[in-house]
Amino acid sequence: MKLLYRLYELENHIYHYNRRTKACINWFVGNLCASPIGQGIYSLIKPRMLSFPKRVQVETTSYCNAKCEMCPQPIMPRRNRHMDQEVYEKIIKELAKNRDKLNTLSFHFLNEPLMDPRLFERIKLAKDSGIRQTQLNTNAQLLNEEKAIKLIESGIDTVTFSLGGLEPETQDQRRVGTSLSSVEKNIDNFIALINSPAFLTRKPKVIIYTIKSSSEDKAWKPVVKKYKNQVNAIVVINQNNWGGRSKNIEKEQNLTEYRVPCPSIFTTMNINVDGKVNLCCVDWEDREIMGDLREQSVSEIWNGKMETYRRMHLQNRSEKIPMCKECTIYR
């Protein structure tokens with residue numbers, strides 16, 4: 001599975017470079033998965049390797065302090081609220097029982113995690129329950145020193161910072177509601193804090209995450225230049241079209257007519273603030289709800305409706321799923 005996922009990462013890496021190569025990879029992988037050989041391999045590895053999600057993303061709050069130009073969060077239909085603690089504890093209890101199958105619990109979906117007043121105690125509960133890896137994405141605007149210390153002390157394992165660029169007009173335009181001066185200061189202070197003697201034994205990994213909106217977009221380069229020797233990783237990804245709900249970016253990303261099965265639905269479960277499970281991390285409209293964790297278990301949903309959708313991807317029938325039909329990820 002790791003090898004297959006690395007192939008997907010390679011395929012994603014060449015989005016902007018060679019459409020013909022990308023089309024060949026998509027055609028080969030798609031047809032292999034749909035073949036009797038591919039179906040047989042999946043049937044063999046599913047019970048042992050894919051019977052439970054490897055990654056769970058939980059939206060403990062649906063609030064966000066930013067209105068990023070590429071993000072539909074400000075207009076998503078579900079109301080702003082914090083997740084009920086009873087629902088959260090139910091989720092953690094099941095994840096803890098399956099911690100040997102789970103790789104990562106992420107406190108992020110379509111939200112700013114630091115707006116959850118119970119975030120730090122929720123992370124601590126997850127760690128105290130035996131969940132090995134916890135992670136969150138933040139725009140860093142709210143990450144003052146007090147919150148930074150509480151975040152580290154909660155036991156968080158990885159912190160990912162979303163950064164639009166290192167020019168004020170770029171950051172302020174792309175991530176409306178944040179300011180470069182505050183964001184950069186908070187990121188730099190967090191890095192300094194985890195490298196201080198006080199936290200050397202409890203040092204989370206740091207990742208910088210930025211978006212490449214087109215082949216002409218160079219705003220990511222100064223980010224890489226500044227932080228490449230300060231953080232564990234820098235991830236530059238192509239802007240997606242949110243399941244066909246944003247602007248057409250086909251020309252910019254060299255998309256092909258061939259698709260591959262999306263690896264996300266084979267590895268990741270996305271839980272929104274209401275305790276419902278969305279098919280995908282770009283399902284901001286709640287178009288494809290897989291189940292409700294207030295009434296069902298993670299395992300029931302993962303091996304129920306989600307399995308039906310996975311089979312559709314494996315059989316080259318993902319176009320039958322409306323939000324997958326126009327999606328630009330892995331195409």
Side-chain angles (χ1 to χ4, degrees), residues 5-19 21-22 25 55 66 68-71 104 106 108 112-114 133 135-143 148 151-152 156-196 199 203-242 246-247 249 251-255 263-264 281-282 328-330:
Y5 202 79
R6 295 304 178 207
L7 287 174
Y8 281 138
E9 288 181 334
L10 174 63
E11 187 266 350
N12 188 42
H13 180 69
I14 61 175
Y15 259 170
H16 283 297
Y17 298 98
N18 192 311
R19 184 173 181 175
T21 302
K22 182 172 185 289
I25 293 174
R55 178 184 181 88
C68 302
E69 66 171 5
M70 78 294 290
C71 180
T104 305
S106 178
H108 183 76
E112 169 50 54
L114 292 176
Q133 291 292 319
Q135 181 264 341
L136 65 78
N137 291 26
T138 175
N139 58 44
Q141 179 69 29
L142 304 176
L143 193 64
L151 183 58
I152 297 169
I156 195 73
D157 296 288
T158 303
V159 177
T160 301
F161 294 113
S162 297
L163 188 58
L166 289 179
E167 292 293 333
E169 59 271 20
T170 304
Q171 172 70 19
D172 297 352
Q173 177 184 340
R174 289 186 173 179
R175 301 194 176 276
V176 179
T178 71
S179 68
L180 179 62
S181 58
S182 297
V183 168
E184 190 173 11
K185 175 185 175 183
N186 290 343
I187 293 175
D188 292 347
N189 286 348
F190 187 84
I191 293 172
L193 194 60
I194 63 173
N195 287 314
S196 67
F199 293 107
K203 182 178 178 179
K205 294 180 181 178
V206 176
I207 297 172
I208 300 288
Y209 171 100
T210 189
I211 287 178
K212 185 177 182 181
S213 61
S214 70
S215 56
E216 289 76 37
D217 181 8
K218 307 299 181 185
W220 58 273
K221 288 190 173 182
V223 176
V224 173
K225 184 178 180 180
K226 175 176 179 177
Y227 288 107
K228 63 181 179 181
N229 295 320
Q230 298 186 50
V231 300
N232 297 90
I234 298 176
V235 180
V236 183
I237 69 163
N238 297 307
Q239 184 174 328
N240 72 76
N241 71 348
W242 293 94
S246 69
K247 69 174 184 176
I249 53 177
K251 186 176 181 180
E252 299 173 358
Q253 292 200 355
N254 292 323
L255 304 182
S264 176
C281 62
V282 302
T328 56
I329 304 175
Y330 299 104

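Heads up: numbering here begins at 1 and tracks the sequence.
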Using a cut-off of 6.0 Å, state whether more than 12 heavy atoms not belonging to Lys218 lie near its atom NZ.
yes
Flag if over 12 foreign heavy atoms under 6.0 Å of OH, Tyr209:
no
Quick one: list whatever passes side-chain contact (heavy atoms from CB on, under 4.5 Å) with [X], sequence neighbours left out.
X	answer
Ser106	Arg55, Gln57, His108, Gln135
Ala148	Leu143, Phe190, Leu193
Lys203	Ile194, Asn195

Compare every heavy atom of [Y] with every heavy atom of [X], then report the nearest pair and how far apart it is.
X	Y	result
Val223	Gly165	CG2-CA, 4.0 Å
Arg175	Gly164	NE-N, 3.6 Å
Glu69	Gln173	OE1-NE2, 3.7 Å

Please tabulate, for side-chain N and O atoms in residues 227-234, each donor-acceptor pair with protein atoms closer than 3.5 Å (sequence neighbours left out).
from, atom 1, to, atom 2, distance (Å)
Tyr227, OH, Asp188, OD1, 2.8
Gln230, NE2, Lys226, O, 2.9
Asn232, OD1, Val206, N, 2.8

Spacing of [X] atom [atom1] and [Y] atom [atom2] [to the nearest 0.5 Å]:
X	Y	atom1	atom2	answer
Lys221	Leu166	NZ	CG	14.0 Å
Asn186	Gln141	CG	CD	7.0 Å
Leu114	Thr138	CG	OG1	4.0 Å
Cys68	Glu112	SG	CD	9.5 Å
Leu136	Leu151	CG	CG	5.5 Å

Asp172: partners by salt bridge (Lys or Arg N to Asp or Glu O under 4.0 Å), with sequence neighbours left out:
none
State, with a plain yes or no, whether a side-chain heavy atom of Ile208 is found less than 4.5 Å away from one of Ile187.
yes
Tell me every residue that passes side chain to side chain donor-acceptor pair (under 3.5 Å) with Thr210, counting only those two or more places apart in sequence or in another chain.
none
Short side-chain donor-acceptor distance under 3.5 Å, Gln171 and Ser179
no
